[in-house]
Amino acid sequence: MTSQTKGLLASGASVLACIFATAATAQTTQQQNDVPQEIIVTGARPIAESESLALRIQRASDSLVTVSAADSVGRLPDQNIAQAASRLPGIAVERDQGQARYISLRGSPNYWTTLSFDGITVVSPEGRDARFDSIPSAIASQIIVSKAVTPDMTGETVAGNVNVVTRSAFDYSGAHFAGKAGYGIAELGDRKQYEASAVASQRFKVGEGELGVLVSGSYFQRGMITDNFETDYERVSQDQRPGNATRFWAAEAENKLYRLTRRNWSASGRVDYKPDDQNTISLRSIYTIFKDDEARDNYRFDLDDRQSDLVSSTTDCARTANPTPTTTGYADVCIGNTPQRGTIYGIDIRQRSTLRAFRQSIFTNSVVGEHDFAPGWHLSWVGNYTESKDDRSVVGEIAWDSPSTRTLRPTVGYDFSDPNRSRLLLFNTIQLSGPTRYSAGTRVVAVDSFTKAPSSLTVLDAIDTTKAYTGRLVLSREARFLGSDAVFKAGFQFDQRTKVADEKQILLNTSAQLASVGIPTNYAAFSLDEPFAGALPMDYTFRYFDEDKMRAVANSARGQYAFTPNTANNYDVRERIYAGYLMGTLRYDWGSILGGVRVERLENRGKAVATLGTTTGLVTAESSQTLAFPSLHINYNVDDTKKLRLSFNSGGARGDYDQLRPNVVINDPNQTISGGNPAVKPERAYGVDGYFEWYLRPQGYLMAGVFYKRVEDVLYRQSRTFGSNALDTNGIDRSAYVFTGITNGGDGRIFGAEAAAQLQLEPWTNALGLPDWMGGFGISANVTLNDSQVTKPALGSAVPARRVRLPGTSDMVYNIGGYYEKYGLSLRVQYQRRSDWLDTIADDLTDAGDTYWAADEEMDISARYAITKRFEVYVDVQNVLDQPGRRYAEPGNLLTATGTPTPTIKSQTIEWERFGRRYAAGVRVNF
């Protein structure tokens, strides 16, 4: 454990002690003043009401869960499930374009978290990485986050499960309607935002039974402008002069300038039929769509274009500025250049104009039955079909490139010394005497004044479709057993998931082809005369490309040319899981014990086109294995308000579908194989959790806990011996070939602690002698501390094995929220911070080492006022702090592993982006 983490743990313990002491004093005071033992909040206090319901669900659970209940989903500007869950203890989110997308539980990798609707695990359109920004929070009645795995959860659940409990007509006493409409603006670029949602339900008498019908829909649209710069670093082989071991040069500097429109639609329906008190049949359907229309102007400055001009030499030099060098200046310390500052002469501009139309959808349909068919016996069954689509299509992308004549290219003065700024000053390039001597001419501000001819047009149709079938049958029996009220369950579940990737493109790359679809040779004729809509300080101006003209040339290409399949990216992967579990829950006066085991039989089959030497053909690969996942959960009631929870659990994260595909390129002469790996094993994890929970009376909650997971067969992408006969053909044994792709290797662990508090002032205002109006104040806070390590296997003899953090893990994540709620007014401020986290693990120093995302801070503010019982207005402010997202390269760990002396190296920014604040206002109605 690092000294920083130890310090954080100590600080967290001190804060927790203070909180507990304060709560204990308040609890004693409350009991002395005979305050009622429970508060029932009804409508006028929606934040308090939702927290109260969430705590009742948590307290009644036989395993470790944290809950967000209906009325709190919407108190903040939390449009999607990731944002709605992000305030809960132990949850951190990863963002894309400033929007919460992935969920990490207690510092674990995001692919350890599974997503389910009403207990049915759903495959995300992207695959194993459950993506939550495509799911609007409007469909949810509750979000139940399970942190400790139980036998009735699928084995791929490692860190936990996010279960979206959908609304039912039986949640309401009769007819119900709720609606919301809002409008907003984005500070950056003055883009607009629109939002609307509605839910309607009714209950009907049908004979002796009752029928409940509920329908809901939502729409959300927001326009965006993004500030961005990126820099790709590399180790330059020709740079051999003293000090080269810790020098990493910018191979490419670029700006990605986005114009975005993102939309979310959802429609859902649910019909529940209760013919009597013992039987329920339910039909449920949810359809969600996430669409991302993206126009991206990408200016890429190819700084290492003439890297070969640099002569390799180990002799030191004066390192003084030389404005007329005999090289381009790239990686040349002898003319005064450094990785942070310098000048490079006559470089290539590789501009890309890209129009994308991403679309992700989930269509899930379930029929569910619940039956009490004999005293103490209960049968439940589920049939589900889910279809997920990930449309990655590109409407059109045009590449524009500088000519080979260096005097027609820019000279670039670069300055990367500020981690929050990329300075690129452009100059004309002047040729001096001799064919290889150049200097900087006059300053140029308009980048598009440099000649850049179109070199290619790409039109891409790419759709990944996943079809999943689930059948589940669970039989349970209530009985007295060992002095307890026991419930025993036996369950069987079958899942079949088939993912088909279908990718094809049109690629035009000759002058005649480009002219035939109407692409001009002058970029100005393809662009708009509009100013930059962002706020990023740039040292050059540019012109946005015209989206309508891009659509026109793309449609022309579709009409004149045929698509060609991208066979290397196409595959058909199917997995079948046969699962059975036994689980028992024993409830005593002192608490409960839940234990059992789940056994899964996994069968994988992958089909894809593979290249074997000079032959291309269809390859089918199969693998199977049987895994057991035991778990045990013990809950002890210290008294009526306090619980101790102890759990032991296990899980196995499987490789993603594209990693299981048998798309391979086999080179028999070189004895190499590259591609997917159908035989990769799941990443196994075994965990233990210990938690203390205190449910304060009449209202409040304190929690503290520790957790530990041991990880085996960690999934990595690396080179190794293939070790399988799955690709043997024509008598050729390929099991000893060198394979590059996903594989298992190494082990590790993650451990940490978390604490949480939810407190309201109102129950103690009289005891403390405070005025009544102060009873509206409340606070919620939580903190999670992590320490993780896994072994990165050695890469040949060049890079030895080393210990690294688990990707996606932050040493510290905390949330602090304060609110005031009284007299129809609700105000809330929520702040979250997560420390730096590892993004990618490098095999070597080619690209400057491991990459990290810098610490992220987010603050949201919401206000609402109930004008009447049925009508309210609201105002939301999102991304108040407007902190940039920064990703950086850190070579220190790898340098140490290879035995290189490591003086202090400043982390090098490789990506920086900012999105601006957002403001929204609207109305809500409730009948």
Side-chain angles (χ1 to χ4, degrees), residues 252 254-261 291-302 305 346-359 390-410 446-464 501-530 540-570 609 611 616:
E252 186 173 79
E254 59 182 313
N255 290 109
K256 292 180 179 176
L257 307 163
Y258 294 89
R259 292 165 289 162
L260 301 168
T261 301
K291 189 174 182 183
D292 186 356
D293 293 321
E294 174 185 300
R296 185 178 72 187
D297 290 89
N298 185 192
Y299 286 86
R300 303 158 67 183
F301 299 91
D302 192 4
D305 180 45
I347 63 96
D348 180 21
I349 299 175
R350 300 167 59 202
Q351 179 185 345
R352 299 294 181 270
S353 304
T354 307
L355 184 62
R356 297 181 175 180
F358 290 168
R359 179 187 174 106
D390 183 12
D391 188 340
R392 302 173 284 105
S393 298
V394 177
V395 175
E397 179 178 85
I398 300 177
W400 314 80
D401 290 285
S402 298
S404 58
T405 304
R406 288 174 65 180
T407 54
L408 297 178
R409 296 179 170 193
V447 67
D448 293 320
S449 65
F450 288 102
T451 301
K452 298 184 285 15
S455 58
S456 67
L457 167 68
T458 301
V459 178
L460 177 70
D461 281 358
I463 301 177
D464 301 342
D502 183 11
E503 185 174 309
K504 55 189 177 181
Q505 72 174 19
I506 297 172
L507 176 61
L508 309 182
N509 53 18
T510 69
S511 298
Q513 289 175 329
L514 298 174
S516 71
V517 297
I519 299 178
T521 58
N522 180 9
Y523 175 71
F526 199 76
S527 62
L528 300 170
D529 186 15
E530 294 181 359
Y540 64 87
T541 62
F542 74 99
R543 295 168 65 99
Y544 288 113
F545 75 85
D546 190 322
E547 296 179 45
D548 291 335
K549 291 181 179 178
M550 180 68 79
R551 292 188 183 92
V553 300
N555 289 335
S556 179
R558 287 175 177 271
Q560 298 182 55
Y561 299 93
F563 280 91
T564 301
N566 291 337
T567 55
N569 295 333
N570 293 339
V609 174
T611 301
T616 299

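If you read the sequence from its start, that first residue is 1, and numbering goes on from there.
- At a threshold of 4.0 Å, the pair D297-R259 counts as salt-bridged, since one of the basic side-chain nitrogens sits closer than that to a carboxylate oxygen.
- Taking the charged nitrogens against the carboxylate oxygens, E254 and R350 have no contact shorter than 4.0 Å, which rules out a salt bridge.
- Between N509 and S455, every side-chain heavy-atom pair lies at or beyond the 4.5 Å cut-off.
- Between S527 and D448 there is no side-chain heavy-atom pair separated by less than 4.5 Å.
- Using cut-offs of 30° and 60° for the angle between ring planes, the F526 and F545 rings count as parallel.
- Side-chain contact between V395 and R551 is present, with heavy atoms from C-beta onward closer than 4.5 Å.
- For the pair I519/W400, a side-chain contact is recorded, criterion being any heavy-atom separation below 4.5 Å from C-beta on.
- How far CG of D464 is from CG of N570: 8.5 Å, rounded to the nearest 0.5 Å.
- Taking the six-membered ring for Trp and thresholds of 30 and 60 degrees, F542 and Y540 have ring planes more than 60 degrees apart, a perpendicular arrangement.
- Under a 3.5 Å cut-off, the side chain of S516 and the backbone N or O of Q513 do form a donor-acceptor pair.
- The backbone N or O of I463 sits nowhere less than 3.5 Å from a side-chain atom of D502 that would complete a donor-acceptor pair.
- R392 and L460 make their closest contact through O-CD2, 4.0 Å (heavy atoms, listed as atom of the first residue, atom of the second, distance).
- Here the closest heavy-atom approach between residue L514 and residue L508 is recorded as CD2-O, 3.7 Å.
- With hydrogens and angles ignored, the 3.5 Å screen pairs no side-chain donor or acceptor of D401 with any backbone N or O of Q351.
- Side-chain atoms of R409 do not come within 3.5 Å of backbone N or O of I349 as any donor-acceptor pair.
- Looking at heavy atoms from C-beta onward, S456 lies in side-chain contact with L507 at the 4.5 angstrom threshold.
- Panel note: side chain S393, backbone A357; no donor-acceptor pair is recorded below 3.5 Å.
- Put simply, CZ on R300 and CG on N255 are 12.5 Å apart, with the number rounded to the nearest 0.5 Å.
- The two residues A557 and V459 come nearest to each other via the heavy atoms CB-CG2, 4.3 Å.
- A distance of 12.5 Å separates CG in L408 from NZ in K452, rounded to the nearest 0.5 Å.
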Going through the checks in order, is the side chain to side chain contact (heavy atoms under 4.5 Å, CB included) test met by L528 and D546? CA-CA 6 Å; L528 300 170; D546 190 322; 3.4 Å; yes
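- A salt bridge between R406 and D305 is absent, with no side-chain N of the basic residue lying under 4.0 Å from a carboxylate O of the acidic one.
- Side-chain contact check for T354 versus V394: some heavy-atom pair is nearer than 4.5 Å.
- The nearest pair of heavy atoms linking A525 to K549 is O-NZ, 2.8 Å.
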Salt bridge (Lys or Arg N to Asp or Glu O under 4.0 Å) between D391 and K291, worked out: CA-CA 9 Å; D391 188 340; K291 189 174 182 183; over 6 Å; no
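- Here the closest non-hydrogen pair linking P403 and T451 is CD-O, 3.4 Å.
- Considering every non-hydrogen atom in both M550 and S353, the closest pair reads CE-O, 3.2 Å.
- Aromatic pair Y299/F450: centroids not less than 6.0 angstrom apart.
- Heavy atoms of other residues, nucleotides or ligands lying less than 6.0 angstrom from CZ of R352 number more than 12.
- A centroid separation of 6.0 Å or more is found between the aromatic rings of F563 and Y561.
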Given salt bridge (Lys or Arg N to Asp or Glu O under 4.0 Å), test D461 with R558 step by step and report yes or no. CA-CA 11 Å; D461 281 358; R558 287 175 177 271; 2.6 Å; yes
